[in-house]
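Working notes, beginning with the structure itself.
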Amino acid sequence: MERILVTETLKKVGKKVTVAGWVANKRDHGKITFIDLRDSSGVLQVVFTSDLQKKAADLKSEWVIEITGEVKERPESMRNTELETGSVELQAKEVKVLSKAKTPPFALETDGYEVDEEKRLKHRYVDLRRPRLQRNLRIRHKVLHFMRNYLSKEDFVEVETPILTKSTPEGARDFIVPARLQPGKFFALPQSPQQYKQLLMVGGLEKYFQIVRCLRDEDPRGDRQAEFTQLDIEMSFVEQEDVLDLLEKLYITLVKELFPEKKIQKTPFPRLNYADAIKKYKSDKPDLRKDTENPNELAFAWIVNFPMFEKSEGKGKWNAKHHPFTKPQIKNAKEITKKNIGDILAFQYDLVLNGNEIAGGSIRTHEPEILEKVFEVLGHTKKEIKEKFGHLFEAFEYGVPPHGGIASGLDRLLAVLLNEPNIREVMAFPKTGDNRDLMMDAPSDVSKEQLEELGLKIVKKKK
Ligand code: ASP
């Protein structure tokens, strides 16, 4: 018999059906045994009486079973309003064990916050059966699907960019990958597709987006992951206003369609100058909610007019506040002088939501002289600029449209929308704070042969 999902039993009262899933729970009441059967759609109460009770006696938590039986309407007084299928139950007639299971390492009926997180990560495949994580991944899928549809309708093209690439500065350390065919050389994994998306603008794409993994080898700090997902966008022939407008409309529509229970505190999103935000809130990602106890309140705000450069710690050097490709608010390179470096503003913008930075971007410098000057301020010699970014300068010699874009951190956005305390709860297979995958046991050793092939030697760090 064809298997149906447990929630489909609602339309099958009086019929014989087959369902399959995991034993979520078993209750023995003497003459009758109940099993809650869980599948991807929900949970269904299955009733075992007479002979079949003996079979039910063997079944244990998380065994995978198939049950054929008759769907019965429950009497009014026996309905369970907490279950979607609470108005029906299945009277079991046949049971088949599809696979046995060890006792699960932790309980699955709870929301799981009380379980040691390392345990959950080690057995993530079990943890994922939890209704809360099922909901999170399904809503994550809906959000990604919405974004793809929305941007496609606006004529954006999703383009995949390389994972094996060259360093692009986003302010973090690169993950590097040895290149076997060019011994001694390394690829960098992308901290973002920043340069590729700009090169796509030179390539005439005009409206690009990508739901993309970014990799940044940062020291463990708070709620971060070395690999995370961005909605990455770039547009040609636009000004700051166009980028803000696009993202603002996208988020307002997304909340309306997928999270109707949420209330956006203010539209259009309020805008704050960076300097004013720092002065007033001592933060460039202020939480502007009126009522922080209310989980359905969304306070979006744009932070604009960031400084182009900021002093790097200690050495009297300058860093780009966003990244070097950001356009300073100047007309020509001569306007950048030693004296005014700290005062120059940039066409940079961040979107904050309830105290989290959920997107950041900028209009880009497409004039080579200004770009070169920016790199100089950041302490690069002419030779270094050529080595590291020569490809971009060269591309800009072949007709570059004015362009700009933004990238939005999807994990953070989802954590806020799903009222989750951290981004690991909205990712299928997150890593620990010190970047280990406890389930796969990665990173792990490689063989001597692999190292030899790559011409690499491991030197133990002195403690
Ligand atoms: N590449 C930038 C980032 O990852 C975003 C952007 O400027 O578009 O933060």
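Computed over heavy atoms, backbone and side chain alike; hydrogens, waters and symmetry mates excluded. Numbering of ligands and ligand atoms starts at 1, following listing order.
Numbered from 1 in the order shown, with element, the atoms of ligand 1 that lie under 4.0 Å from a heavy atom of Q230 read 3 (C), 4 (O). Those atoms of ligand 1 with a heavy atom of G361 less than 4.0 angstrom away are 6 (C), 7 (O). Atom numbering of ligand 1 starts at 1 in the shown order; those under 4.0 Å from a heavy atom of K197 are 6 (C), 8 (O). Taking every non-hydrogen atom of I406 and a distance limit under 4.0 Å, the qualifying atoms of ligand 1 come out as 8 (O).
Backbone and side-chain nitrogen or oxygen atoms of S192 are examined, and one is located within less than 3.5 angstrom of a nitrogen or oxygen of ligand 1. The shortest N or O to N or O distance between E234 and ligand 1 is not below 3.5 Å.
Comment: R130 does not engage E109 in a salt bridge, judged by the lack of any side-chain N to carboxylate O separation of less than 4.0 angstrom.
Between the side chains of S408 and Y251, at least one donor N or O sits under 3.5 Å from an acceptor N or O. With hydrogens and angles left out, the side-chain atoms of Y113 and E420 include a donor and acceptor closer than 3.5 Å. Residues E257 and T253 have side chains that never bring a donor and an acceptor to within less than 3.5 angstrom of each other.
Just one residue in the list H366, R364, Q198 forms a side-chain hydrogen bond (donor to acceptor under 3.5 Å, both in side chains) with H403, and that residue is Q198. Of the options Q230, R140, R424, a side-chain hydrogen bond (donor to acceptor under 3.5 Å, both in side chains) to D411 is made by R140 and by none of the others.
Residue contacts with ligand 1 for R364 involve side-chain atoms from C-beta outward but no N, CA, C or O (heavy atoms, distance under 4.0 Å).
The closest protein non-hydrogen atom to atom 6 (C) of ligand 1 is Q194 OE1, 3.2 Å. Considering only non-hydrogen protein atoms, atom 5 (C) of ligand 1 sits nearest to G360 O, 3.4 Å. Of all protein heavy atoms, the one lying nearest to atom 2 (C) of ligand 1 is E170 OE2, 3.4 Å.
At most 12 heavy atoms of other shown residues, nucleotides or ligands fall within 6.0 angstrom of atom CD in E84.
For F389 and F375, the ring centers sit closer than 6.0 Å to each other.
In the candidate list H322, H323, R216, R216 is nearest to atom 4 (O) of ligand 1, counting heavy atoms.
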